[in-house]
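A short write-up of the structure that comes next.
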Amino acid sequence: MPVEANSMIAILPEIVILTVACAVLVIDLYLPDERKDINHIVTIIGLATALGAISLIGSDKVTYAFDNSFIRDPLSDLLKGVILIVTLFTFVYSRDYMQQRQLWIGEYHVLILFAVLGMLIMVSANNFLTLYLGLELLALCLYALVAFDRDSKAGAEAAMKYFVLGALGSGMLLYGISMLYGASGGFFGFAQIADIAAAQGTDNQLLVFGLVFVLIGVAFKFGAVPFHMWLPDVYQGAPMPIVLFLSSAPKVAAFAMAVRILIEGLGGLQTDWGEILIILSVLSFVLGNVVAIAQTNIKRMLAYSTISHVGFIFLGLLAGTAAGYTAAMFYTVVYALMAAGAFGILVLLSTQGIEAEQLDDLKGLSERNGWLAAMMALIMFSMAGVPPAVGFMAKLLVLEAAVSVGLVWLAVLAVIFSIVGAFYYLRVIKLMYFDKPQLEQPLVIDGTATIAISINGLAILFLGLFPASLLQVCGVAFG
Amino acid sequence: MGFEKLLFYIFAAVTLFAASMVITRRNPVLSALYLVMAFVSSAALWLLLEAEFLGIVLILVYVGAVMVLFLFVVMMLNIDVATLRARFIHYLPLGLIVAGIMVFDMFLVLGPADFGLDQFAKPQSQPADYNNTAALGQILYTTYLYQFEIAAVILLVAIVAAIRLTLRHRPETKYQDPSNQVRVRKGSDRVRLITMPAEPVPPSLTATLGATHTEMTE
């Protein structure tokens, strides 16, 4: 089949990102050290152009391209948009940090852009082959980014752990995919596998076998318990801006992966994977919230907090209803914004000569920079699920979805552990407002970053007060 | 048919033998060489399946490139195999039990019940002039164009990441730059003759020189 022009239009955002990444790769060679900001500008313009391209080709109609290996639908439009916006935040927040540590070089932009490309491919994948390739592209970039500060021993160790466990996760996923390929008699498109799953259900033992392995792969990428071991170590060892990127955008891509595989591909086996997700979900929010209390390193604390949020995202997915999927998607988008904001503030804090890694580094932040402390407080309230911040709305929706399918015990358990979790979020607020600062000098951050963090923080408040617009967009994705 | 079956059993036996030698040899170089043997005999198995492209790629890429690289690494690094294998016999029974359970499990799922000939009919063999390299190329550049391009990007990322993580500019290292050397032109680049008058030594310098001299003699 010859390639049609329509196919090329459908992958316009991907083409833009690839072009920008290659352009930065070449431009960087000719830039003297003091003019590396040009990379930054080109990257920002490229990401903005890709956002424009998404809105340009976006519509409620579903388009397929490249022999059905690519799909563009409202779901992919929204998730791609979120990924690009979060990446924009990443670049704006990380500028000073990377400059001060001599890491402000072209490869930083190039690798993140390629990771974004991998995520866009994952979000728009319509068969297992494309999905897997996108995932590998993303993972390779992330391994290199974690080790980006190559003089840091912790970074190298974290990257090594991430690489080995990530490869294990990918291997599990691939093994599951090959099982599904065999079970369906030689197909790897989600639509064909959905047909087989609907027709044969659990009678096809091989299909269930494949499902389990694929699910393990998905859980690995999300960092759900018991496949979470890599997460705290990677967060602790990687440079802060990389953690900012790692904790936000890839979770959105992982959500897209879960939707494509579980709902579009294996929707016929919903009762089976729903039960597995219940176990993963309960373990995640119990272990995440409880272990986070014991952490003194704020990166590790937020890593366990991520794990608990993944439990909540699964809570929406396992309901198996359109409302549940919408709630899970809403939660994912909100989580990406919150994670970007929280780590963004830590990145900005780390530009004053210290690495803001310990909880104590946040002490007395309100005296050093009141606005930054206010934004951090807002994000912490949101993560804890305190109204009117959007985190409350997100939790409410997934709990409602769980209750609506009769899983009241699960919802009650989730509420109990989110109250347990509120302790460590509120502790951060207490440290910022009621403790004496360790460093007296006021914290001054540059204008662009202040604007970005304000947009990020106020978006959390705004979406909490008026969730309808985002909720409607999420709802459209699940028709 | 009978002869092909015989060939299959011969190559399958060679593959199994070579594979078990890979994990039991004490000398890593021998292990690597047995691995080459395992690859070659599995390439022959591919040929029996009429997948000649895969067979050739296995030999070209794995035997020709990957294994040679592997041998270099094995020979350059002094791996202490004795400590790696010290507990081999100790853990062997446990390993065998786990492996046995896994083989049994896999047989249940991957066995003839799910993958037997009655589930998947034997594929028709292609005529003698069928070229599966061409057929592969055909779909690779049409149906799977998108995936093919993504794979290319992944390779690019691998290069970028590897260079970022390992390349270090070390100005103190002295090395020759052949491309600069060949660009030297005759005459002005090779030697530069300067005529200048001998300069008188300024008095301030003589004073310092004298001072250092006295210090040194003291």
Side-chain angles (χ1 to χ4, degrees), chain A residues 1-3 7 10-11 14-15 17-18 21-22 25 65-70 105-108 110-111 113-115 117-118 121 124-127 129-130 132-134 136-145 147-148 150-151 155-156 159 178-179 182-183 185-186 204-210, chain B residues 49-51 54 98-99 101-124 132 134-171 179:
Chain A
M1 188 198 81
V3 179
S7 298
I11 61 162
E14 281 85 350
I15 293 179
I17 295 291
L18 177 62
C22 293
L25 194 60
F66 294 106
D67 254 357
N68 280 337
S69 53
F70 179 94
I105 50 173
E107 284 89 347
Y108 173 65
V110 171
L111 285 172
L113 281 171
F114 276 127
L117 178 65
I121 290 168
S124 268
N126 199 30
N127 64 29
L129 185 61
T130 318
Y132 183 74
L133 285 168
E136 282 306 286
L137 181 56
L138 166 68
L140 263 182
C141 294
L142 290 181
Y143 303 146
L145 282 169
F148 200 74
R150 54 192 178 189
D151 297 322
S178 66
M179 289 299 141
N204 193 336
Q205 200 188 358
L206 203 56
L207 210 58
V208 181
F209 192 73
Chain B
L49 283 171
E50 296 182 19
L54 285 178
V98 173
I101 294 173
M102 280 177 69
V103 168
F104 179 70
D105 280 359
M106 282 168 76
F107 181 78
L108 284 184
V109 179
L110 307 177
D114 286 313
F115 282 103
L117 274 179
D118 47 333
Q119 299 289 326
F120 289 92
K122 183 172 172 285
Q124 290 294 314
N132 77 30
L136 208 60
Q138 199 75 44
I139 57 165
L140 204 55
Y141 291 101
T142 52
T143 316
Y144 296 108
L145 178 71
Y146 185 51
Q147 287 87 346
F148 186 75
E149 293 295 331
I150 300 172
V153 175
I154 291 178
L155 291 180
L156 178 64
V157 167
I159 298 171
V160 173
I163 292 178
R164 162 61 203 164
L165 294 181
T166 54
L167 182 71
R168 281 167 197 275
H169 291 291
R170 305 179 62 171
S179 68

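Lettering of chains follows the sequences in order, A, B, ..., and the numbering in each one begins at 1.
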### Task
Taking all non-hydrogen atoms of both residues into account, name the closest pair between A:Arg150 and B:Leu167 and its distance.
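For A:Arg150 versus B:Leu167, the nearest heavy atoms are NH1-O, 2.7 Å.
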### Task
Might you point out which heavy atoms bring A:Leu133 and B:Ile154 nearest each other, and give the distance in Å?
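In terms of heavy atoms, the two residues are closest at O-CD1, 3.5 Å.
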### Query
When heavy-atom pairs shorter than 4.5 Å are enumerated against chain B, which of A:Ser69, A:Ala147, A:Ala156 gives the highest number?
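Most pairs with chain B among the choices: A:Ser69.
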### Task
Just give me the residue among A:Leu140, A:Thr130, A:Val110 that pairs up with chain B most often, heavy atom to heavy atom, under 4.5 Å.
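Heavy-atom pair counts peak at A:Thr130.
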Heavy-atom proximity to chain B below 4.5 Å, by part of [X]:
X	value
A:Phe148	both
A:Asn127	side chain
A:Leu145	neither
A:Ile121	both

### Query
When the ring planes of B:Tyr146 and A:Phe66 are compared, do they come out parallel, tilted or perpendicular, using 30° and 60° as the limits?
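Plane angle under 30°, so parallel.
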### Task
For residues 154-168 of chain B, pull every pair meeting salt bridge (charged side-chain N to carboxylate O under 4.0 Å, His left out), keeping only residues two or more places apart or in separate chains.
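The answer is A:Asp151-B:Arg168.
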### Task
Report the option among B:Ile139, B:Leu108, B:Val153, B:Ile163 that has the most heavy-atom pairs separated by less than 4.5 Å from atoms of chain A.
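Answer, by heavy-atom pair count under 4.5 Å with chain A: B:Val153.
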### Task
Under 4.5 Å heavy-atom distance to chain A, tell me which part of B:Ile150 shows up: side chain, backbone, both or neither.
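B:Ile150 touches chain A through side-chain heavy atoms alone.
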#### Entry: Between CD on residue A:Glu107 and CG on residue B:Leu165, distance to nearest 0.5 Å
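A:Glu107 atom CD to B:Leu165 atom CG measures 9.5 Å (nearest 0.5 Å).
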### Query
If you count the non-hydrogen atoms of other residues, nucleotides and ligands that lie under 6.0 Å from CD in B:Gln138, is the total more than 12?
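No - once you tally the heavy atoms of other residues, nucleotides and ligands closer than 6.0 Å, there are 12 at most.
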